[in-house]
Amino acid sequence: MNNEITSKISNFIRNRIVEILGLVLVLFSIFLFGSLISYSPDDPNFLYTDSTIIKNIFGFKGSIVSDFFLQSIGIMAFLFSFNFFVWCIRIIKFKIINNFFSKIFFSLIYIISGAIALSVY
């Protein structure tokens with residue numbers, strides 16, 4: 001009886017922690033997508049910070065994040081943010097974090113292949 005109650009409590013706590021983690025990651029993916037959408041080359045970034053007017057909707061941090069992602073992986077950053085959003089929704093819905101390393105590996109593969117394909121085009 002006591003073991004069953006502690007098992008139910010630990011499952012409840014584990015599910016809430018996974019949901020909170022999923023929610024935080026969904027908010028990060030929305031932040032990433034919003035900062036990518038409102039990217040402006042005139043915004044300050046790591047190298048140039050002389051602009052005083054920031055056009056990014058998330059301010060200075062959004063301009064740095066969007067500049068980093070667009071400079072490193074290009075237009076594939078939009079697909080990455082969408083993919084990340086879908087993963088996080090699935091974490092919240094199914095309350096399971098599975099195949100984490102394979103998802104990271106295959107997302108890196110499609111980012112690299114997409115960046116190569118777009119650079120050739």
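Sequence positions, counted from 1, serve as the residue numbers for this chain. Atom set for the values below is all heavy atoms of this structure, side chains included, hydrogens, waters and symmetry mates excluded.
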Asker: Are I89 and L32 linked, directly or through other ILVMFWY residues, by side chains that come within less than 4.5 angstrom of each other?
Answerer: no

Asker: Apply side chain to side chain contact (heavy atoms under 4.5 Å, CB included) to L70 and list each qualifying residue two or more places apart in sequence or on a separate chain.
Answerer: L36, Y39, A77, F78

Asker: Would you say that M76 contacts I112 through its side chain, given a criterion of any heavy-atom pair below 4.5 Å between the two side chains?
Answerer: no

Asker: Quick one: which residue pairs count as a salt bridge (charged side-chain N to carboxylate O under 4.0 Å, His left out) with a foot in residues 52-64, not counting sequence neighbours?
Answerer: D42-K55

Asker: For S66 and G62, indicate whether the former's side chain and the latter's backbone hold a donor-acceptor pair under 3.5 Å.
Answerer: yes

Asker: Sequence neighbours left out, what passes side chain to side chain contact (heavy atoms under 4.5 Å, CB included) with I104? Give chain and number order.
Answerer: W87, F100, L108

Asker: Output a table of donor-acceptor pairs, distance under 3.5 Å, between side-chain atoms of residues 19-29 and any protein atom two or more places apart or on a different chain; print 'none' if there are none.
Answerer:
{"from": "E19", "atom 1": "OE1", "to": "R16", "atom 2": "NE", "distance (Å)": "2.9"}
{"from": "E19", "atom 1": "OE2", "to": "R16", "atom 2": "NH2", "distance (Å)": "3.3"}
{"from": "E19", "atom 1": "OE2", "to": "K95", "atom 2": "NZ", "distance (Å)": "3.0"}
{"from": "S29", "atom 1": "OG", "to": "V26", "atom 2": "O", "distance (Å)": "2.7"}

Asker: What's the separation between atom OG in S35 and atom CZ in F68, rounded to the nearest 0.5 Å?
Answerer: 12.0 Å

Asker: Are the side chains of F69 and F80 in contact, using a 4.5 Å heavy-atom criterion?
Answerer: yes

Asker: Restricting to side chain to side chain contact (heavy atoms under 4.5 Å, CB included), what partner residues turn up for S38, sequence neighbours left out?
Answerer: N56, I57

Asker: So if you build clusters from Ile, Leu, Val, Met, Phe, Trp, Tyr with side-chain heavy-atom gaps below 4.5 Å, do F60 and I37 land together?
Answerer: yes

Asker: Please list all pairs meeting side-chain hydrogen bond (donor to acceptor under 3.5 Å, both in side chains) that have one or both residues in residues 107-117, counting only residues at least two apart or in different chains.
Answerer: N83-Y110

Asker: Not counting sequence neighbours, which residues clear ring pair (Phe, Tyr, Trp, His ring centres under 6.0 Å) with F58? List them please.
Answerer: F31

Asker: Do V86 and I91 land in one hydrophobic cluster if side-chain heavy atoms of ILVMFWY residues count as linked below 4.5 Å?
Answerer: no

Asker: Rounded at 0.5 Å granularity, tell me how far CD1 in I97 sits from CD1 in I17.
Answerer: 10.5 Å

Asker: Tell me, which pairs form a salt bridge (charged side-chain N to carboxylate O under 4.0 Å, His left out) where one or both residues lie in residues 66-93, sequence neighbours left out?
Answerer: none

Asker: If the condition is side chain to side chain contact (heavy atoms under 4.5 Å, CB included), which residues does I9 pass it with, not counting sequence neighbours?
Answerer: I5, I13

Asker: For the hydrophobic clusters of this structure (ILVMFWY residues joined by side-chain heavy atoms under 4.5 Å, transitively), does one cluster hold both I111 and I75?
Answerer: yes

Asker: When Ile, Leu, Val, Met, Phe, Trp and Tyr are grouped by side-chain heavy atoms lying under 4.5 Å apart, directly or through other members, which residues fall in the same group as F105?
Answerer: F106, I109

Asker: Through direct or indirect side-chain contacts below 4.5 angstrom among Ile, Leu, Val, Met, Phe, Trp and Tyr, which residues connect to F94?
Answerer: none

